[in-house]
2 protein chains.
Amino acid sequence: MTVGIRDVARAAGVSTATVSRALGSGPVSEALREQVEAAVRATGYRPNLSARRLRSQSARTIGLIVADIRNPFFTAVSRAVEDAAFAEGMRVILCNTDEDPAREAMYLRLMEEERVTGVIFAPTGGGAESLRERSLGFPVVLIDRAGPPGAHDSVVLDNPAAGAGLVDLLVRQGFSRIGGLFGSTSSTARERRAGYEAAMVRHGLVPSVRTVAPNAAAAEAAAARWLAEADRPEALVLSNGLILMGAVRAARAAGLRVPDDLALAGFDNEPWTDLVEPGLTVVEQPVDEIGAQAMRLLFERIAQPDQPVRKVVLSGRTVLRGSTRRG
Amino acid sequence: MTVGIRDVARAAGVSTATVSRALGSGPVSEALREQVEAAVRATGYRPNLSARRLRSQSARTIGLIVADIRNPFFTAVSRAVEDAAFAEGMRVILCNTDEDPAREAMYLRLMEEERVTGVIFAPTGGGAESLRERSLGFPVVLIDRAGPPGAHDSVVLDNPAAGAGLVDLLVRQGFSRIGGLFGSTSSTARERRAGYEAAMVRHGLVPSVRTVAPNAAAAEAAAARWLAEADRPEALVLSNGLILMGAVRAARAAGLRVPDDLALAGFDNEPWTDLVEPGLTVVEQPVDEIGAQAMRLLFERIAQPDQPVRKVVLSGRTVLRGSTRRG
DNA sequence: AAGCGCACTGAAAACGTTTTCAGTGCGTCT
DNA sequence: AGACGCACTGAAAACGTTTTCAGTGCGCTT
């Protein structure tokens with residue numbers, strides 16, 4: 001039915017071994033190589049990747065497991081990862097867990113069954129912890145959210161510094177009743193929160209923190225409740241783009257003017273953050289570099305499996321906009 | 001090295017055939033099935049998907065090729081597709097062409113080499129046309145952008161009606177110098193433009209159209225030029241979410257107030273469209289239904305390959321917001 | 001009591017490649 | 001002239017499964 005390597009071999013008048021070598025890398029005379037290529041064109045041959053992977057015991061595939069494909073941060077990273085992979089002749093399997101540990105576990109098992117070369121992984125919740133127990137059959141590089149130290153290579157933002165930086169900025173503008181609304185599932189949110197709290201204490205202010213599921217609807221509800229209270233904060237630090245969006249909605253709904261009634265500062269320089277009025281002050285992550293560094297760590301780990309574990313920490317860039325301007 | 005089905009068989013004291021049947025579907029006594037499952041747990045066995053696919057000649061995988069993963073429309077569709085696929089015990093390979101015909105061709109070839117069960121495809125540019133020539137080894141369902149009629153199943157928005165609807169709405173609000181800024185690469189944009197032009201003519205107005213690469217930067221530049229002209233339009237119809245975003249930026253930059261100086265109406269009810277001030281009037285696409293219908297068509301095509309070609313046309317829902325309110 | 005069908009099981013073939021192994025022929029060195 | 005190495009080639013094994021084929025044993029029918 002479907003044309004296989006033996007059909008090509010017959011058409012070219014050579015053995016299947018020669019076809020395989022001509023298509024891949026092997027010593028083949030120029031004459032035969034051309035014959036084979038002609039036969040491939042004539043027959044419309046497409047190699048069967050399953051057979052190829054089975055025999056060669058190498059999938060040349062890396063898995064990319066992200067927590068939320070709708071988050072522009074992850075789409076940007078995925079693009080960087082894909083480009084780097086193609087440059088090495090590798091495929092990428094993109095998996096979206098939607099912050100669901102069950103989906104995450106399923107994808108991890110899928111990666112095992114696919115016998116992937118390696119995985120770049122943004123774990124949700126306890127994902128990274130459970131990761132340490134089982135030994136997967138492939139190297140893993142964590143991005144965005146680091147697991148327990150020492151288990152896997154990782155590349156993350158300097159989250160404590162970024163969280164503290166937003167507090168410093170707000171304090172400099174004269175705000176003091178600064179609240180923090182953080183995601184409940186990721187280590188990233190925990191670290192940003194730690195930075196926030198440390199900076200508040202350093203400035204002699206009292207931290208005021210709430211946590212929420214990392215989606216816009218939950219964030220809006222939580223922010224709305226908070227803003228309705230008597231001693232509502234005069235500024236908010238939000239731990240990612242979705243939570244920031246929820247906070248903007250809540251402020252609008254409550255009729256609060258930004259930044260006069262409420263200042264906002266968050267993470268992720270998404271396209272819409274400078275479209276709202278006023279623009280939102282955010283910490284921008286070096287997404288391209290995160291993706292590229294993750295691939296670099298992964299390839300180096302594949303080349304030298306017993307290397308010591310490495311952690312790359314990148315700095316964010318604060319984008320100052322109207323939402324934190326006082327007076 | 002790695003544990004295979006023969007290791008499980010040995011551990012369970014049965015043949016590999018029995019293990020295979022116990023794990024898949026085959027007549028196996030309850031006692032042996034439990035022995036096998038225990039052996040699987042004990043050995044930590046993970047089936048090798050490449051081997052499984054090779055032997056069974058069935059990938060149980062569908063490919064989803066989209067033009068731009070950053071477009072929330074496609075991420076939403078991909079979620080719907082994925083859910084439907086899992087319900088059938090299938091995997092999804094998500095591919096992002098980024099509107100690049102070369103990447104598109106590469107992914108199409110990859111799908112052939114993966115021997116996928118079927119593909120859901122949002123072609124860019126001439127992709128759909130070239131698709132008709134070669135006969136792929138799998139059924140294809142086109143979404144968002146239909147190719148030449150009669151070649152493939154498809155599910156699309158009623159784009160002409162939606163384009164016309166926006167014009168009608170603007171005319172009703174009293175606008176008459178209504179321009180249209182459309183993407184240059186997709187059939188979707190062409191259809192929306194056709195609807196726009198027909199409606200303009202029907203209202204006795206002169207259509208005024210420009211086309212632009214479907215990204216926010218290009219759209220902003222084009223809109224900026226247009227708005228700087230002496231006889232600039234008093235309202236704009238924008239053919240997708242990215243172009244709409246570009247137009248908003250251009251209006252801001254030009255210091256035009258929306259909707260007093262310039263009304264805006266576009267496509268895709270993205271989260272940010274009600275965050276800007278004023279909110280943007282858009283046609284919302286039934287993304288979940290598009291994904292679900294596409295999977296339905298695909299599965300039915302797989303079941304009955306010689307069915308006549310079908311085309312599902314869905315209606316958009318107009319979301320009225322401040323950007324088109326006059327006076 | 002023999003025959004039949006049914007439910008289950010194992011040995012071995014098969015899936016489409018790559019890779020090993022064992023040659024070829026030919027040029028070069030001694 | 002013979003030995004050796006080199007560049008190339010084909011036959012066949014191998015990758016890890018599923019599936020076919022050919023039994024088993026057992027209960028039921030005739």
Side-chain angles (χ1 to χ4, degrees), chain A residues 1-37 39-40 43-61 89 91 109-117 137, chain B residues 1-37 39-40 43-61 89 91 109-117 137:
Chain A
M1 199 62 189
T2 131
V3 30
I5 201 175
R6 33 200 335 130
D7 301 296
V8 178
R10 200 171 316 127
V14 299
S15 72
T16 61
T18 298
V19 175
S20 174
R21 284 190 275 250
L23 264 36
S25 60
V28 182
S29 70
E30 198 48 40
L32 281 198
R33 164 164 280 131
E34 282 170 14
Q35 275 181 50
V36 169
E37 283 169 2
V40 165
T43 55
Y45 169 69
R46 288 280 179 274
N48 183 318
L49 283 185
S50 294
R52 179 174 280 183
R53 287 199 270 253
L54 173 59
R55 171 59 232 217
S56 66
Q57 297 289 78
S58 136
R60 300 200 65 72
T61 298
R91 274 199 46 206
R109 198 179 57 212
L110 180 64
M111 295 300 100
E112 288 188 273
E113 299 187 348
E114 293 275 8
R115 304 290 194 271
V116 295
T117 315
Chain B
M1 199 64 187
T2 132
V3 31
I5 200 175
R6 35 200 334 132
D7 301 296
V8 178
R10 199 172 315 129
V14 299
S15 72
T16 62
T18 297
V19 174
S20 174
R21 283 191 275 252
L23 264 35
S25 62
V28 181
S29 72
E30 197 48 39
L32 281 198
R33 162 163 284 132
E34 281 171 14
Q35 275 182 49
V36 169
E37 283 168 2
V40 166
T43 56
Y45 169 68
R46 289 280 179 274
N48 182 317
L49 283 186
S50 293
R52 179 174 280 183
R53 287 200 271 254
L54 173 60
R55 171 59 233 215
S56 66
Q57 297 290 77
S58 136
R60 299 200 66 73
T61 298
R91 274 198 47 204
R109 198 178 58 210
L110 180 64
M111 295 300 100
E112 289 188 273
E113 300 187 349
E114 293 276 7
R115 303 290 192 271
V116 294
T117 315

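Chain naming here is simple, since letters A, B, ... match the order of the sequence lines and numbering starts at 1 in each.
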Scan [X] against the nucleic acid and name what it touches under 4.0 Å (heavy atoms): base, sugar-phosphate only, or nothing.
X	answer
A/Thr18	sugar-phosphate
B/Ser20	base
B/Leu49	nothing

Are A/Leu110 and B/Arg91 side-chain neighbours, meaning at least one heavy-atom pair lies under 4.5 Å? yes

Over all atoms of both residues, closest heavy-atom pair of A/Ala59 and A/Val116: CB-CA, 4.3 Å

Give me the atom names and distance for the closest heavy-atom approach of A/Val3 to A/Tyr45. O-CD1, 3.6 Å

I would like to know whether A/Arg60 and A/Arg53 meet side-chain contact (heavy atoms from CB on, under 4.5 Å); could you show each step before the answer? CA-CA 8 Å; A/Arg60 300 200 65 72; A/Arg53 287 199 270 253; over 6 Å; no

Both B/Leu32 and A/Pro47 contact DNA chain C. Taking the nearest nucleotide for each, which residue is further toward the 5' end? B/Leu32

If you assign A/Val19 and B/Ser15 each to the DNA chain C nucleotide with the nearest heavy atom, which residue ends up on the more 5' nucleotide? B/Ser15

Rounded interatomic separation in angstrom, taking [atom1] from [X] and [atom2] from [N]:
X	N	atom1	atom2	result
A/Arg60	C/dT17	CZ	P	18 Å
B/Arg53	D/dT19	CZ	C1'	18 Å
A/Arg6	D/dA11	CZ	P	11 Å
A/Ile5	D/dA12	CD1	C1'	14 Å
B/Arg52	C/dG16	CZ	C1'	18 Å
A/Asp7	C/dC15	CG	P	12 Å
B/Tyr45	D/dG16	OH	C1'	7 Å
A/Glu114	D/dC15	CD	P	20 Å

Could you list the donor-acceptor pairs under 3.5 angstrom formed between side-chain atoms of residues 13-27 of chain B and any protein atom two or more places apart in sequence or on another chain?
| unit_1 | atom_1 | unit_2 | atom_2 | d |
| --- | --- | --- | --- | --- |
| B/Ser15 | OG | B/Ala17 | N | 3.4 |
| B/Ser15 | OG | B/Thr18 | N | 3.3 |
| B/Ser15 | OG | B/Thr18 | OG1 | 3.3 |

Between A/Val14 and A/Ser56, name the one whose nearest nucleotide on DNA chain D is closer to the 5' end. A/Val14

Ignoring hydrogens and angles, answer whether the base of D/dG10 and the side-chain atoms of A/Arg21 contain a donor-acceptor pair closer than 3.5 Å. yes

Quiz item: B/Arg55 side-chain donor-acceptor pair to D/dT18 base, under 3.5 Å: yes

Ignoring backbone atoms, test whether B/Ser29 places a side-chain nitrogen or oxygen under 4.0 Å from the OP1 or OP2 oxygen of C/dT9. yes

Given D/dT19, is OP1 or OP2 found less than 4.0 Å from the side-chain N or O atoms of B/Gln57? no

Per A/Thr16 side chain, nearest of listed nucleotides D/dG10, D/dT17, D/dA12: D/dA12

If you check the B/Arg115 side chain, which of D/dC15, D/dT17, C/dT17 turns out closest? C/dT17

